[in-house]
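Before any comments, here is the structure.
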Amino acid sequence: MKVIKVKNYDELSKVAASIIAAQVINNPQSVLGLATGSTPIGAYKNLVCAYNDGLLDFSNVKSINLDEYCGLSGENDQSYRYFMNDNLFNHVNIDKNNTFVPDGTAEDSEAECERYEALCESLGYADLQLLGIGHNGHIGFNEPASAFAAKTHCVKLQESTINANSRLFEKKEDVPTSAFTMGIGTILKAKKILLIGGADKKEIIEKAIYGDVTPEVPASALQLHKDVTVIYVAE
Ligand code: GLP
C-alpha cells in the first residue's frame with residue numbers, strides 16, 4: 001500500500017487527479033471506477049481542467065460507479081447519476097453510453113444487483129477504482145457489518161450515514177434509506193485502487209489502513225489488495 005499524506009484539500013485533489021489522468025493517458029480505454037461524495041469533487045474539477053487544456057481524451061474511457069440511492073432516478077439532482085453528469089461527464093468527451101451507475105429506480109432490486117455485477121464483470125472490473133470513505137469506514141455504501149459483501153447488493157443505510165448525507169438534502173426525511181452498492185469483493189477486483197480523504201477522515205483512514213482487517217471497518221479490506229494508493233490530508 002502506498003500512503004501519500006498531503007497538506008490540504010487542494011493538494012489532495014491535484015494528486016488524485018494526476019493519478020487518474022495518468023491512468024487515462026497510459027490506457028485510453030480504461031475502465032474507471034468512480035465515486036461520489038464531496039471528497040472527489042476537487043479531483044473531478046482538476047480532470048475537467050486537464051481536459052480543457054487538451055491533455056486528456058475520455059472518448060474511449062468507460063466508467064462504473066460504486067453506488068446509487070434506491071428510489072432516485074438519474075434526473076433527481078440528489079442521485080449519484082446526476083452528480084456524475086454534473087461534476088464530470090457533462091464537461092469532458094466521455095460517451096455517456098459508456099458510463100454506468102446502478103439504476104436507482106429498478107423495482108426488482110435483486111435483478112438490478114445481478115445485472116450490475118454482471119456488467120462490471122463484462123467490462124473486466126475497474127482498471128482504477130477511486131474511493132472516498134465514510135466516517136464509519138464505509139466504502140461505496142458497504143456499511144460496517146458482520147461479513148464483507150462479495151458482490152453488488154442492496155443495503156439499508158445506517159443512521160450515521162443518513163445523518164452525514166442529509167446535509168446535501170433539503171430535509172433528513174428526503175434521504176433514501178437504502179442503496180445499491182458494489183460489494184467489497186467487486187471493489188477488490190479493481191486492478192488499482194485509489195482511496196482519498198480530507199482532514200475529517202484522517203482518523204478513520206488510519207484505522208482502516210493500519211488497524212485490524214474487519215468488516216466492522218469495511219475499508220480495512222483494502223489491506224488485502226496488492227495495488228492501493230491512499231492519499232489523505234494529515235498535518
Ligand atoms: C457516501 C458515498 C461514499 C462516499 C461517502 C463519503 O456515503 N456512498 O462513496 O465515500 O459518502 O462522502 P464525503 O466525501 O462527502 O464525505
Side-chain angles (χ1 to χ4, degrees), residues 1-9 11-12 15-16 19-20 32-40 43 64-69 80 102 113 116-117 120-121 125-167 177-235:
M1 189 175 285
K2 186 186 282 177
V3 179
I4 304 172
K5 293 183 189 179
V6 293
K7 286 195 203 67
N8 53 43
Y9 181 72
E11 205 182 324
L12 174 79
V15 179
I19 291 173
I20 301 167
L32 297 180
L34 297 176
T36 54
S38 310
T39 312
I64 46 178
N65 257 78
L66 282 168
D67 48 9
E68 179 60 285
Y69 287 118
Y80 285 169
C113 293
Y116 199 71
E117 187 68 29
C120 294
E121 188 180 2
Y125 295 96
D127 290 304
L128 174 66
Q129 176 68 57
L130 176 65
L131 296 175
I133 186 169
H135 287 107
N136 62 4
H138 74 232
I139 46 176
F141 267 132
N142 288 275
E143 297 281 34
S146 53
F148 290 120
K151 295 186 170 177
T152 302
H153 58 294
C154 187
V155 280
K156 209 176 156 336
L157 302 180
Q158 289 199 347
E159 200 57 30
S160 62
T161 300
I162 293 174
N163 285 334
N165 291 0
S166 66
R167 71 187 194 280
T177 53
S178 57
F180 293 118
T181 182
M182 285 183 186
I184 295 291
T186 325
I187 293 169
L188 292 181
K189 289 219 169 85
K191 294 177 189 74
K192 293 181 207 142
I193 295 178
L194 175 58
L195 172 68
I196 59 173
D200 62 320
K201 304 289 172 53
K202 177 176 184 282
E203 205 176 314
I204 186 63
I205 285 188
E206 290 180 345
K207 190 170 174 189
I209 64 178
Y210 300 123
D212 292 344
V213 176
T214 163
E216 287 299 322
V217 182
S220 67
L222 300 177
Q223 293 183 41
L224 306 172
H225 192 279
K226 64 179 186 338
D227 193 345
V228 178
T229 302
V230 183
I231 317 172
Y232 68 106
V233 178
E235 268 299 70

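When a residue number appears, it is its place in the shown sequence, counting from 1. Fair warning: this is a prediction, and the values are worked out from it, not measured in the lab.
Summarising the geometry of I133 relative to I205, their closest heavy-atom pair is CG2-CG1, 3.9 Å, with the distance given to 0.1 Å. Nearest approach of I139 to G132, heavy atoms of both residues: CG2-O, 3.6 Å. The two residues Y80 and N165 have their closest heavy-atom pair at OH-ND2, 3.8 Å. Contact between I231 and V6 at its shortest, heavy atoms only, is CG2-CG1, 3.7 Å. Between A208 and A219, the closest heavy-atom pair is CB-CB, 3.8 Å. Across all non-hydrogen atoms, the minimal contact from F180 to P102 is CB-CB, 3.8 Å.
Rounding to the nearest 0.5 angstrom, the gap separating the CD atom in E11 from the NZ atom in K5 is 13.0 Å. Summarising the geometry, atom CG belonging to L194 is positioned 9.5 Å from atom CD belonging to Q129; distances are rounded to the nearest 0.5 Å. Between the CG atom of N136 and the CG atom of N142 there is a distance of 10.5 Å, given to the nearest 0.5 Å. Distance check, rounded to the nearest 0.5 Å: CD1 of I193 to CG of D227 gives 8.5 Å.
You'll find the side chain of Y232 stays beyond 4.5 Å of the side chain of L195, heavy atoms only. Between R167 and S38, the closest side-chain pair of non-hydrogen atoms falls below 4.5 Å. Two residues are said to be in side-chain contact when any heavy atoms from C-beta on lie closer than 4.5 Å; L130 and I196 meet this criterion. Annotation: side chain of I204 is in contact with side chain of V217 (closest heavy-atom distance under 4.5 Å). When side chains are defined from C-beta on, Y69 does not count as touching T36, because their heavy atoms never get closer than 4.5 Å. Counting only heavy atoms from C-beta outward, the side chains of F148 and V213 approach each other to under 4.5 Å. At least one side-chain heavy atom of P144 sits under 4.5 Å from a side-chain heavy atom of P218.
Between E203 and K207 no salt bridge is recorded (no basic side-chain N to carboxylate O distance below 4.0 Å).
Side-chain atoms of H138 do not come within 3.5 Å of backbone N or O of L157 as any donor-acceptor pair. Under a 3.5 Å cut-off, the side chain of S220 and the backbone N or O of T214 do form a donor-acceptor pair.
For H135, the side chain to side chain contact (heavy atoms under 4.5 Å, CB included) partners at least two apart in sequence or on another chain are D200, K201.
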> Are T229 and K192 close enough, and set up right, to give a side-chain contact (heavy atoms from CB on, under 4.5 Å), and what steps lead you there?
Replying inline: CA-CA 8 Å; T229 302; K192 293 181 207 142; over 6 Å; no
> Hey, mind stepping through L131 and L222 against side-chain contact (heavy atoms from CB on, under 4.5 Å) and telling me if it holds?
Replying inline: CA-CA 11 Å; L131 296 175; L222 300 177; 3.9 Å; yes
> Would Y125 and E117 count as a side-chain contact (heavy atoms from CB on, under 4.5 Å) if you check the C-alpha gap in whole Å, the side-chain angles of each, and the deciding distance to 0.1 Å?
Replying inline: CA-CA 9 Å; Y125 295 96; E117 187 68 29; 3.1 Å; yes
>> Between T181 and H153, is the side-chain contact (heavy atoms from CB on, under 4.5 Å) condition met? List the steps.
In response: CA-CA 6 Å; T181 182; H153 58 294; 3.5 Å; yes
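Considering D67, N65, I64 as possible partners of M182, the one that fulfils the side-chain contact (heavy atoms from CB on, under 4.5 Å) test is I64.
Annotation: Q223, atom CD; neighbour count of heavy atoms from other residues, nucleotides and ligands within 6.0 Å is above 12.
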